[in-house]
Participant: 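Sharing a structure below in structure tokens format, with a few things to ask.
Because the structure is a prediction, the values reported are computed rather than measured.
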Amino acid sequence: MVLTVLAPGLAYFSQLSFLWSLGKEAFYWERPYVRPTRSSNFLNLIGVTIQFLTIGIVIGSIALLLLGGWKFLLLAQFVSERNMLP
């Protein structure tokens, strides 16, 4: 459950990092008019890293959801075979 809530928050911070990287680019009168700086490249790297981390968290969340569903089905089968219900 925590991973499911964490993923959109991390996606927000990755987009915020990309926005900040655009603000750190240098402007020139010659072509190319906008050039990346060291800080804009660093913020872009942070954004990409957070995106990959978020993808891993989403995949982990889906895997845990499937595992929980499988364990629930095994528990339901166990209870139905043992006739443990009152």
Participant: Does any N or O in the side chain of S80 come within less than 3.5 Å of the main-chain N or O of A76, such that one atom is a donor and the other an acceptor?
Facilitator: yes
Participant: When hydrophobic residues are tied together by side-chain contacts of less than 4.5 Å, even through go-betweens, does F72 share a cluster with L64?
Facilitator: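 As far as the 4.5 Å side-chain criterion goes, L64 and F72 are not connected within one cluster.
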Participant: Within this structure, what is the NZ-CG distance for the pair K24 and L22, rounded to the nearest 0.5 Å?
Facilitator: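 The NZ atom of K24 sits 12.5 Å away from the CG atom of L22.
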Participant: Which pair of heavy atoms, one from F18 and one from N44, lies closest together, and at what distance?
Facilitator: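 Nearest pair, atom of F18 first, then N44: CE2-OD1, 2.9 Å.
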Participant: Which atom pairs, donor and acceptor, lie under 3.5 Å between side-chain atoms of residues 3-16 and protein residues at least two apart or in another chain?
Facilitator:
from, atom 1, to, atom 2, distance (Å)
T4, OG1, S61, OG, 2.9
S14, OG, A11, O, 2.8

Participant: So which heavy atom on V34 is nearest to which on E25, and how close?
Facilitator: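 Taking V34 first and E25 second, the nearest heavy atoms are CG1-OE1, 2.8 Å.
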Participant: For A26 and Y28, work out which heavy atoms get closest and say how close.
Facilitator: CB-CE1, 3.6 Å
Participant: What do the steps show when you test F52 against V48 for side-chain contact (heavy atoms from CB on, under 4.5 Å), and what is the final call?
Facilitator: CA-CA 6 Å; F52 281 118; V48 170; 3.5 Å; yes
Participant: Treating S17 as the side-chain partner and L43 as the backbone partner, does any N or O pair qualify as donor plus acceptor under 3.5 Å?
Facilitator: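 Answer holds: yes.
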Participant: Report the distance from atom CG of L45 to atom CD1 of I50, rounding to the nearest 0.5 Å.
Facilitator: 10.0 Å
